[in-house]
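Proteins get letters first, then strands, A, B, ... in listed order; numbering begins at 1 in each.
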2 protein chains.
Amino acid sequence: MPTVSSEELAAAAGVNSAKLRKDFSYLGSYGTRGVGYDVEYLVYQISRELGLTQDWPVVIVGIGNLGAALANYGGFASRGFRVAALIDADPAMAGKPVAGLPVRHTDELESIITDNDVSIGVIATPAGAAQQVCDRLVAAGVTSILNFAPTVLSVPEGVDVRKVDLSIELQILAFHEQRKAGEETSPAQETAAATAPPRSGAGVRAGAAGGRKGPDGDVPAVMPA
Amino acid sequence: MPTVSSEELAAAAGVNSAKLRKDFSYLGSYGTRGVGYDVEYLVYQISRELGLTQDWPVVIVGIGNLGAALANYGGFASRGFRVAALIDADPAMAGKPVAGLPVRHTDELESIITDNDVSIGVIATPAGAAQQVCDRLVAAGVTSILNFAPTVLSVPEGVDVRKVDLSIELQILAFHEQRKAGEETSPAQETAAATAPPRSGAGVRAGAAGGRKGPDGDVPAVMPA
DNA sequence: ATGCCTTTGTGAACGCGTGCACAAAGATGG
DNA sequence: CCATCTTTGTGCACGCGTTCACAAAGGCAT
């Protein structure tokens with residue numbers, strides 16, 4: 001029986017072995033003292049807990065470059081996701097095959113959701129269309145949304161939204177890059193005063209940031225991780 | 001002079017106002033007691049600290065659906081990023097315009113990096129090509145990499161890598177979705193035993209997970225946020 | 001069967017980040 | 001010029017998650 005110790009796993013993942021064991025114990029997965037964890041059993045338990053053993057039908061709305069990229073992405077199937085339908089508002093796209101699936105028109109959105117019992121939707125539309133698409137998805141019964149459009153979506157209680165902002169990742173890299181570059185010179189503070197604008201003038205609109213539910217734990221309020 | 005109080009900002013962002021003030025104080029941004037923060041000055045200070053005031057040339061390697069989507073993404077320019085070049089290994093792509101830029105062949109990678117003083121690279125290639133592209137980018141002087149390919153890249157000390165795995169986001173949604181569904185029924189534990197495989201059989205290879213530098217703070221070792 | 005060795009599971013301590021609460025500071029009005 | 005009011009900046013305490021450290025447990029050799 002192939003096994004792994006928490007120590008091996010911890011080293012491979014770069015985390016503390018005690019934390020790993022404690023996490024596993026929360027999952028109810030039991031290892032064998034003096035031996036470790038049965039690999040196959042462990043994989044199964046984690047997969048099940050994460051929902052990987054279930055089949056999750058998803059729809060992708062907005063079949064531009066990004067939508068097509070997502071439709072072609074191979075990683076979904078292996079993680080238990082099945083692309084139930086591709087939906088686009090452009091009538092010219094309708095019927096056109098993308099990644100082996102015919103693109104369906106937005107008119108069919110509601111029936112597609114209902115017929116396939118879809119609870120997860122992916123929004124890859126332009127920013128302007130995102131909220132409207134979101135509302136329709138939710139109304140049709142979708143309770144989890146992955147949003148690639150650069151907008152904050154407001155959703156009713158009980159619906160989960162995760163926003164993927166491709167430029168935020170780049171910003172975080174640029175932030176660290178700047179740090180690297182700044183280390184051998186002055187502590188940034190100095191150069192600031194030199195180029196800072198006078199503290200006056202017409203401003204940016206403050207406040208008014210859509211109905212988010214609360215802190216999402218990904219990005220601290222001000223500083224990137 | 002338009003101003004905002006920490007209280008307003010905190011309410012809009014859904015965070016605690018004290019935390020916000022403390023964060024600002026770390027940045028050295030000074031507000032005015034009894035008034036608040038000068039909006040324009042604050043925006044400028046945060047932008048500067050985050051590196052938004054600098055011009056960051058980036059290259060995108062791998063111009064498939066995803067690469068094209070990134071090239072067309074409008075959010076980059078406004079955050080201080082400039083797409084210096086699009087690079088693809090397919091000779092048939094060379095010269096073809098994508099998002100207004102001619103695609104360059106991989107042969108030119110090194111000279112492009114050097115000539116444009118690029119320090120940030122985006123990898124949108126298939127998994128198989130990613131590590132090789134990564135090595136070439138690093139050798140040419142790139143010190144920050146945004147990786148969309150489903151592989152763990154190993155890089156030398158001093159190079160930052162951020163991995164964007166599109167299916168992980170979906171997995172997190174599915175995880176919460178499962179929780180929602182499971183609440184009104186049994187506590188998962190029960191159903192497990194019924195369908196669990198016997199604790200034996202040929203296993204999955206353990207250990208061996210490339211040279212990551214350390215915990216990255218994004219996703220806990222076991223449980224999604 | 002007994003003792004030793006390995007690794008788990010977890011109680012307890014430590015450290016860090018968050019939030020509270022308040023003094024200091026500045027604006028504003030009389 | 002003084003009193004009052006608002007809002008910042010921050011010391012302090014609380015709580016949570018991580019890590020340490022060790023007893024319990026199981027395997028394995030003799």
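Looking at R33(A), its side chain comes within 3.5 Å of the base of dT8(C) through a donor and an acceptor atom.
Residues T53(A) and R48(A) have side chains that never bring a donor and an acceptor to within less than 3.5 angstrom of each other.
The nucleotide whose nearest atom lies closest to any side-chain atom of N16(A) is, among dA23(D), dA27(C), dT19(D), dT19(D). When the nucleotides dT8(C), dA23(C), dA27(C) are ranked by their closest atom to the side chain of T32(B), dA27(C) comes out on top.
Here the P atom of nucleotide dG27(D) and the CG atom of D38(A) are 13 Å apart, to the nearest Å. Rounded to whole angstrom, the span from the NZ atom of K19(B) across to the P atom of dG9(D) amounts to 16 Å.
The phosphate of dT6(C) has neither OP1 nor OP2 within less than 4.0 Å of any side-chain N or O from Y37(A). Between S6(B) and dT8(D) there is a side-chain N or O to OP1 or OP2 distance below 4.0 Å. The phosphate of dT10(C) (OP1 or OP2) has no side-chain N or O of Y30(A) nearer than 4.0 angstrom.
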Query raised in the report: Please walk me through it: do Y41(B) and Y44(B) pass ring-ring contact (aromatic ring centres under 6.0 Å, His included)?
Result: CA-CA 5 Å; Y41(B) 187 71; Y44(B) 171 77; 7.2 Å; no
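Using a cutoff of 4.0 Å between basic side-chain nitrogens and carboxylate oxygens, K163(A) and E169(B) are not scored as salt-bridged. Between D165(A) and R79(B), at least one side-chain nitrogen of the basic residue sits less than 4.0 Å from a carboxylate oxygen of the acidic one, meeting the salt-bridge criterion.
Between R21(A) and G34(A), it is G34(A) whose nearest contact on DNA chain C lies nearer the 5' terminus.
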